[in-house]
Amino acid sequence: MEITGLPTPVFCGVDWAEDHHDIALVDAGGQQLAKVRISDNAAGFAQLMALLAEHGDDEDTPIPVAIETSRGLLVACLRATGRPVFAINPLAVARYRDRHSVARKKSDAVDAAALANILRTDMAAHRPLPTDSELVQAIAVLARAQQDAVWARGQAHNKLRSQLREFYPSILDAFASHKHGLCSREACSILAAAPTPTSAAKLTRRRLQSLLRQAGRIRGIQAEAERLHEVFKRDYLHQLPQVEAALGHQTSALLRQLNTACDNAEQLEEAATQAFEEHPDAPVIRSFPGLAALTGARVLAEIGDDRTRFANAGSLKAYAGSAPVTRASGKSCKVMSRKVKNQRLAAVGYVWAFVSLTRSPGARAHYDRRRAAGDRHVAAQRNLFNRFMGMLFHCLQNGHTYDEAIAFPQPSTSHTSAAA
């Protein structure tokens, strides 16, 4: 990126903190033009805008800003002004700081100047934050929050299950074969009514039928109640009565945490999918095999809708972590999986690739070829995800939906005969 139209380009560095921010402005020769500390409020932001305007900032030639984070109100307001904002990794800032001083001195003002000098010397090596639309930024908030809620639900489930293994094996046996296990509405309903094995053994068949109805079960209530009654009446080891009662109180607390996490995940999923369906890129993303509304929202949340964000498909693949990394030195050459990547996009990528195996014959054939060539399951899935990312880049750039015949073309009969 080049700054044109200014006799002397100016670069801004911001060292952010919780209640204040240090600002530094430098010119093309490295001369520091300004150094100021502003407060983290509207008055401080207005002071920053006035400082930038004083040094030549305007709508046509905005002064680029470097900061060590991509989040927060300050970054959001800077992006809203339309100026290029560069989020620089703090480790990179530390390396740049060492270039200017061997004494290893550090201060907020020094870091702000280092950030400004990063743009002055190496702005072409860094990319500004994408100019995503307001809708896609909202989708990113909802999709990431929903993913966090799913992870929280998994943690709450594991804590509850670990607790029940210590004193309540009957409830684990009762829902061992259930699709959702302890997260099912039936299990939560029974645990709320009977938080200890002793109380579960006292549940009558009629009471169990009532609890199943409260959980939303419609069919097979009598048979399920009979099965649960038989499981709870079996002979199990027990803790001492007072210890069991105490564990029951703890179980009730863990159950409330699990219920809250389940509700959060469901509500955020509804909000994320609803926002995703409103985005113009939704039909293109949902056309890919293995992507539904929620997984599509997660993909869109991470790649955004700024078409200039990725220079080519290779850049998107590297960002997703699907493209491998080559390390070559002398006679040594290794091809390794990429560790530095967007972890959320990589996570949904494995789900995408796995589900596509049953939705796309071409994807299944590609996966089988990779396995036959010696790839392990994860490597074959990552290779399939890598191919999908290239297709997605092309489709979004050109406004095309997924076409199985183009994505995985079948060899012609004449070509097959000639090869034979």
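Quantities reported herein were computed from a predicted structural model and do not represent experimental measurements. Values below: every heavy atom of this structure, side chains too, minus hydrogens, waters and symmetry copies. FYI, the numbering just counts along the sequence from 1.
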>> Quick one, T69 with R71, criterion side chain to side chain donor-acceptor pair (under 3.5 Å). Give me CA distance, side-chain angles, the key distance, then yes/no.
In response: CA-CA 6 Å; T69 181; R71 306 175 63 181; over 6 Å; no
>> M49 vs R83, test: side-chain contact (heavy atoms from CB on, under 4.5 Å). Steps then yes/no.
In response: CA-CA 11 Å; M49 292 297 98; R83 70 186 65 258; 3.8 Å; yes
Given 3.5 Å as the limit, does a donor-acceptor pair link the side chain of [X] with the main chain of [Y], or not?
X	Y	value
R307	L396	yes
R309	T131	no
N264	T260	yes
S329	S332	no
D22	D15	no
R387	A407	yes
D305	S133	yes
E68	W16	no
T295	A292	yes
S162	N158	no

>> What verdict does the side-chain contact (heavy atoms from CB on, under 4.5 Å) test give for D40 and H20, after you've listed the backbone C-alpha separation in whole Å, the side-chain angles of each residue and the deciding distance to 0.1 Å?
In response: CA-CA 5 Å; D40 183 37; H20 66 269; 5.9 Å; no
[X] versus [Y]: any side-chain heavy-atom pair under 4.5 Å?
X	Y	value
I190	L208	yes
P128	V85	no
L291	Y402	no
I303	F310	yes
C333	T326	yes
P64	F11	yes
I38	L51	no
R376	R371	yes

>> Tell me which pairs pass side-chain hydrogen bond (donor to acceptor under 3.5 Å, both in side chains) where either residue lies in residues 341-365, with sequence neighbours left out.
In response: D148-R344, E302-N342, Y319-N342, Y350-R382, S360-E404, R364-D368
Using every non-hydrogen atom in the two residues, find where [X] and [Y] come nearest and quote the distance to one decimal.
X	Y	value
A143	A272	N-CB, 4.2 Å
C12	L25	CB-CD2, 3.3 Å
V136	G304	CG2-CA, 4.0 Å
D60	D58	N-OD1, 3.0 Å
F175	S184	CD2-OG, 4.0 Å
L191	L160	CD1-CD2, 4.0 Å

> Going through the checks in order, is the side chain to side chain donor-acceptor pair (under 3.5 Å) test met by R256 and N259?
Replying inline: CA-CA 5 Å; R256 288 191 293 271; N259 287 333; over 6 Å; no
>> I need the single residue from V351, I139, V348 that forms a side-chain contact (heavy atoms from CB on, under 4.5 Å) with R298. Which is it?
In response: V348
> Parallel, tilted or perpendicular: which describes the rings of Y367 and H377, with under 30° parallel and over 60° perpendicular?
Replying inline: perpendicular
> In terms of ring plane angle, is the pair F408 and F388 parallel, tilted or perpendicular, where the classes change at 30° and 60°?
Replying inline: perpendicular
> So S199 and T196, side chain to side chain donor-acceptor pair (under 3.5 Å) or not? Walk me through it.
Replying inline: CA-CA 5 Å; S199 57; T196 64; 2.9 Å; yes
> Of all residues at least two apart in sequence or in a different chain, which pass the side chain to side chain contact (heavy atoms under 4.5 Å, CB included) check with A320?
Replying inline: S322, L345, F385, M389
> How would you list, by chain and number, every residue that makes a side chain to side chain contact (heavy atoms under 4.5 Å, CB included) with A323, sequence neighbours excluded?
Replying inline: K317, R338, N386
>> The test is side chain to side chain donor-acceptor pair (under 3.5 Å); show your working for D27 and H55 and say whether it passes.
In response: CA-CA 10 Å; D27 61 15; H55 288 84; over 6 Å; no
> Can you check side-chain contact (heavy atoms from CB on, under 4.5 Å) on H21 and L48, steps first, answer last?
Replying inline: CA-CA 10 Å; H21 313 294; L48 172 59; over 6 Å; no
> Are R120 and N117 close enough that a side-chain donor and a side-chain acceptor fall under 3.5 Å?
Replying inline: yes
To the closest 0.5 Å, what do you measure between [atom1] ([X]) and [atom2] ([Y])?
X	Y	atom1	atom2	result
D173	Y236	CG	OH	4.0 Å
D263	L268	CG	CG	10.5 Å
I221	R213	CD1	CZ	4.5 Å
L74	I67	CG	CD1	4.5 Å
N398	T401	CG	OG1	11.5 Å
R327	M336	CZ	CE	5.0 Å

Determine whether more than 12 heavy atoms belonging to other residues, nucleotides or ligands lie under 6.0 Å from atom [atom1] of [X].
X	atom1	result
E270	CD	no
F354	CZ	no
E278	CD	yes
R161	CZ	no
L91	CG	yes

> Salt bridge check: are E224 and R227 linked by an N-O gap of less than 4.0 Å?
Replying inline: yes
>> Quick test of your reading of the model: are E269 and R153 salt-bridged, counting only N-O distances below 4.0 Å?
In response: no
> Given the rule in the side-chain contact (heavy atoms from CB on, under 4.5 Å) test, do F276 and D281 qualify, once you have shown the distances and angles that lead to the verdict?
Replying inline: CA-CA 9 Å; F276 171 71; D281 288 345; over 6 Å; no
